[in-house]
Amino acid sequence: MSKTHNEYDAIVVGSGISGGWAAKELTEKGLRVLMLERGKNIEHIKDYVNASKDPWDFAHRGRPTLAMEEAYPVLKRDYVLNEKNLDWWASDQDSPYTEVKRFDWFRGYHVGGRSLLWGRQSYRLGPLDFEANAKEGVAVDWPVRYEEIAPWYDYVERFAGIAGSKEGMEQLPDGEFQPAMPLNCVEEWAAGKLSASSLGSTRRIIPGRNANLTQALPGRAPCQYRNKCWLGCPYGAYFSTQSSTLPAAMATGRLTLQPYSIVSELIYDRNTRKATGVRVTDALSMETREFKARIIFVCASTLNSTWLLMRSARDEWEGGLGSSSGELGHNLMDHHFRLGASGNIDGFTDKTTYGRRPTGFYIPRFQNIGADKRDFLRGFGYQGGAGRDGWSRAVAELGVGGKFKDAMSRPGGWSIGATAFGEMLPYHENRVWLDEERLDKWGMPVLAIDCEMKENEQLMRKAMMDDMAEILEAAGARNVHTWDSGYWPGMGIHEMGTARMGRDPATSVLNEWNQVWDAKNVFVTDGSFMTSNACQNPSLTYMAFTARAADYAVEELKRRNL
């Protein structure tokens with residue numbers, strides 16, 4: 001097939017975790033691919049301008065200024081507003097949205113997207129998660145089972161480099177791991193105490209599974225324990241588009257990367273029931289261009305992908321491409337968290353930690369499994385750690401003098417704690433839609449978001465605190481106390497749903513291969529496809545489903561089915 005300057009075999013919309021994987025898989029299978037990113041380019045190493053700076057190298061020690069808080073009213077709600085990587089977060093002023101109920105939408109509009117910003121916790125969903133909807137009569141059934149996706153988890157784990165330990169737990173399947181980052185001395189001691197307690201048969205402290213290398217991979221070095229991951233890793237130690245999938249795609253010679261390209265519409269042909277290409281607005285010049293392709297992978301992140309579908313094929317469906325079921329934009333989910341428990345551990349004053357480990361411990365879900373029955377559905381896991389208190393423990397006392405300084409130069413006592421991450425059910429009424437009366441910087445309608453926790457999540461949240469306190473007491477902690485810092489949807493930065501997979505085009509947007517039912521050459525493989533969200537961090541699942549969908553798409557092209 002001959003190509004002109006605007007014709008490709010495939011177009012990938014978005015360059016984050018899913019988009020990077022789509023570009024890698026499609027180019028390596030021989031396709032000529034155009035990757036479109038709405039934001040600026042960030043080149044690996046060269047553009048990590050703050051990666052080697054120390055806190056005192058920043059004018060405000062990394063903290064937000066009053067001017068920043070005024071310019072970023074959404075970002076200032078949480079830790080994401082800071083001096084160190086502000087330009088890696090989308091502008092609240094340029095890209096507003098409408099909150100029917102409070103929703104904290106933290107986005108990254110640049111090449112690599114949030115693959116440069118994510119927490120890198122990497123867990124598989126298991127058989128329990130893929131079967132839960134069907135067994136409990138919630139929403140719709142997943143169109144796949146764990147056994148079907150397990151080989152793809154294997155595949156992406158080996159390439160991404162996931163550090164973890166083999167634990168043999170059905171609710172948290174093992175993977176193809178690099179050596180785990182070990183528990184520190186207090187975490188290991190607490191894990192042993194918990195294991196020997198009456199809770200030990202169901203509750204376990206294990207090393208966190210994370211996408212930071214403990215062994216080198218081609219072009220990537222092991223983690224340096226610097227605690228500067230979100231400034232970009234010059235060593236390529238953590239998985240990102242820039243360190244991993246983009247170099248692989250570029251090495252084929254078949255990828256064209258085009259930043260500052262806002263895809264405003266998928267061009268749909270009602271006669272063939274396929275998309276023929278995309279319409280793009282240049283983010284700098286405002287000029288409009290069209291590009292053609294045989295297949296399109298929509299990987300713009302959950303809410304932006306749904307926004308794009310809603311803006312496409314509206315002469316055929318009022319609600320946009322994929323809306324024929326009435327489910328496009330619905331079933332929005334996030335992980336609710338920001339609560340847990342902590343306590344003190346006596347002893348170990350002759351021990352300390354080495355470096356700044358990018359993960360801690362994990363306690364896999366144990367609720368509503370076997371004999372454990374609760375008054376809510378699903379469950380939660382914990383992410384936490386133990387460490388020695390530092391100089392900041394004495395700030396409240398406002399001490400002065402040499403003895404004070406000497407005392408603060410020595411570590412304090414050990415504390416241990418964890419925050420819970422809970423599953424949110426897929427409620428139809430938690431949804432997004434186009435707000436045609438409000439426009440962004442480029443004159444396009446923004447999203448309106450209406451999402452909230454409901455009774456199931458509220459019931460779960462009390463248990464999320466109480467269970468952790470019980471675990472810590474069994475693990476030998478004292479002065480145990482629970483805490484809840486408050487949560488609003490979006491704060492987990494794990495938005496999912498709104499274009500769910502399913503078995504029936506009457507009740508879902510996508511089929512089992514991530515294809516839009518209404519346009520078989522359009523694939524959606526970011527978090528929008530999730531039929532439920534489990535309680536595990538979701539990015540590894542996006543990677544696996546993207547690789548699987550790309551493999552299927554290429555085979556369908558070969559069979560001339562697309």
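From a predicted model like this one, the values you see are computed outputs, not experimental measurements.
Counting only distance, with no hydrogens or angles, the side chain of Asp389 and the backbone of Gly412 share no donor-acceptor pair below 3.5 Å. In this structure, His336 contributes its side chain and Arg461 its backbone to no donor-acceptor pair below 3.5 Å. In this structure, the side chain of Glu99 engages the main chain of Phe103 through a donor-acceptor pair within 3.5 Å. Side-chain atoms of Gln258 do not come within 3.5 Å of backbone N or O of Thr256 as any donor-acceptor pair. Remark: side-chain polar atoms of Asp57 are paired, donor with acceptor, to backbone N or O of Asp54 under 3.5 angstrom. Looking only at distances, no side-chain donor or acceptor of Glu265 sits under 3.5 Å from a matching main-chain atom of Ile267. Checked by atom type and distance alone, the side chain of Trp105 never pairs as donor or acceptor with a backbone atom of Ile449 at under 3.5 Å. In this structure a side-chain-to-backbone donor-acceptor pair under 3.5 Å is missing from Asp94 to Lys441. In this structure, the side chain of Tyr382 engages the main chain of Met468 through a donor-acceptor pair within 3.5 Å. One N or O on the side chain of Asn184 and one on the backbone of Val186 form a donor-acceptor pair closer than 3.5 Å.
Minimum interatomic distance between Met424 and Leu332 (heavy atoms only, all atoms of both residues): SD-O, 4.2 Å. The two residues His494 and Asp334 make their nearest non-hydrogen contact at N-OD1, 3.1 Å. Closest heavy-atom contact between Leu328 and Gly319: CD2-O, 3.7 Å. The shortest non-hydrogen separation linking Val480 to Leu472 is CG2-CB, 4.0 Å. Across every non-hydrogen atom of Ala300 and Ser305, the tightest pair is N-OG, 3.0 Å. Ser528 and Thr306 make their closest contact through CB-OG1, 4.1 Å (heavy atoms, listed as atom of the first residue, atom of the second, distance).
Salt-bridge check for Arg500 with Glu327: passed, with a basic side-chain N closer than 4.0 Å to an acidic carboxylate O. Electrostatic pairing of Arg431 and Asp450 does not count as a salt bridge here, judged by no charged N lying under 4.0 Å from a carboxylate O. Ion pair Glu69/Lys76 not flagged as a salt bridge, since none of the NZ, NE, NH1 or NH2 atoms sits closer than 4.0 Å to an Asp/Glu carboxylate oxygen. Electrostatic pairing of Glu290 and Arg279 counts as a salt bridge here, judged by a charged N lying under 4.0 Å from a carboxylate O. Ion pair Arg77/Asp92 not flagged as a salt bridge, since none of the NZ, NE, NH1 or NH2 atoms sits closer than 4.0 Å to an Asp/Glu carboxylate oxygen. Salt bridge Asp78/Arg338: present, at least one basic N to carboxylate O contact under 4.0 Å. Taking a cutoff of 4.0 Å between a charged side-chain nitrogen and a carboxylate oxygen, Glu436 and Arg314 qualify as a salt bridge. Salt-bridge formation is detected for the pair Arg114/Glu495: a Lys NZ or Arg NE/NH1/NH2 atom is positioned less than 4.0 Å from an Asp or Glu carboxylate oxygen.
Under a cut-off of 6.0 angstrom, the local environment of CD in Glu287 is sparse, with at most 12 non-hydrogen atoms contributed by other residues, nucleotides or ligands. When the shell of 6.0 Å around CZ of Arg63 is examined, it contains 12 or fewer heavy atoms from other residues, nucleotides or ligands. Within a 6.0 Å sphere centred on CZ of Arg102, other residues, nucleotides and ligands contribute more than 12 heavy atoms.
One distance of note links CZ of Arg289 with OG of Ser261; it measures 8.0 Å at 0.5 Å rounding. Put simply, CG on Asn82 and CH2 on Trp88 are 11.0 Å apart, with the number rounded to the nearest 0.5 Å. Note that the CD1 atom of Ile416 and the CG atom of Asn344 stand 10.5 Å from one another [nearest 0.5 Å]. Taken from CG in Leu117 to OG in Ser240, the straight-line distance is 10.0 Å, to the nearest 0.5 Å. Taking CG of Leu26 as the start and CD1 of Ile11 as the end, the distance is 11.5 Å to the nearest 0.5 Å. Put simply, CE on Met543 and OG1 on Thr541 are 9.5 Å apart, with the number rounded to the nearest 0.5 Å.
Residues Tyr97 and Val74 meet the side-chain proximity criterion, which asks for heavy atoms closer than 4.5 Å. Side-chain atoms of Trp488 and Met453, non-hydrogen and from C-beta on, never get closer than 4.5 Å to each other. Taking 4.5 Å as the limit, every side-chain heavy atom of Val524 sits out of range of all side-chain heavy atoms of Val509. Contact check for Ser122 versus Glu157: no side-chain heavy atoms found under the 4.5 Å cut-off. By the 4.5 Å heavy-atom criterion applied to side chains, Trp483 and Ser485 are counted as neighbours. Taking 4.5 Å as the limit, every side-chain heavy atom of Met250 sits out of range of all side-chain heavy atoms of Thr27.
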Yes or no on side-chain contact (heavy atoms from CB on, under 4.5 Å) for Leu309 and Leu266, after CA distance, side-chain angles and deciding distance? CA-CA 7 Å; Leu309 293 174; Leu266 303 179; 4.0 Å; yes
Check against side chain to side chain donor-acceptor pair (under 3.5 Å), Glu457 and Tyr427: CA-CA 12 Å; Glu457 291 75 42; Tyr427 303 105; 3.0 Å; yes
Criterion side-chain contact (heavy atoms from CB on, under 4.5 Å) on Lys228 and Ser52, from CA distance to verdict: CA-CA 8 Å; Lys228 295 183 177 181; Ser52 296; 5.6 Å; no
Could you please spell out the steps behind the side-chain contact (heavy atoms from CB on, under 4.5 Å) verdict for Leu66 and Glu70? CA-CA 6 Å; Leu66 292 176; Glu70 183 177 351; over 6 Å; no
Could you go step by step and tell me if Lys454 and Glu452 meet the salt bridge (Lys or Arg N to Asp or Glu O under 4.0 Å) rule? CA-CA 6 Å; Lys454 298 188 183 294; Glu452 65 180 353; 3.0 Å; yes
Steps toward side-chain contact (heavy atoms from CB on, under 4.5 Å) verdict (Leu36, Val280): CA-CA 9 Å; Leu36 298 167; Val280 174; 3.7 Å; yes
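Between the side chains of Arg220 and Ser244, at least one donor-acceptor pair of N or O atoms lies under 3.5 Å. A donor atom on one side chain and an acceptor atom on the other are not found under 3.5 Å apart for His44 and Ser243. Using modelled atom types and a 3.5 Å distance limit, the side chains of Asn514 and Thr525 yield no donor-acceptor pair.
The only member of Arg120, Gln121, Gln383 that meets side chain to side chain donor-acceptor pair (under 3.5 Å) when paired with Asn537 is Gln383. For the side-chain contact (heavy atoms from CB on, under 4.5 Å) with Lys40, the lone residue among Val111, Leu284, Asp87 that qualifies is Asp87. If you run side-chain contact (heavy atoms from CB on, under 4.5 Å) between Pro445 and each of Arg311, Glu437, Arg438, only Arg311 comes through.
Using the six-membered ring where Trp is involved, Trp118 and Phe239 have ring planes that are perpendicular, over 60° apart on the 30 and 60° scheme.
Checked against a 6.0 Å centroid threshold, the rings of Phe529 and Phe545 count as neighbours. Between Phe337 and Phe421, the ring centre distance stays below 6.0 Å. Between Phe159 and Trp21, the ring center distance clears the sub-6.0 Å criterion.
Seen from the ring of Tyr109, Arg38 counts as a face-on cation partner, given the 6.0 Å and 45° thresholds.
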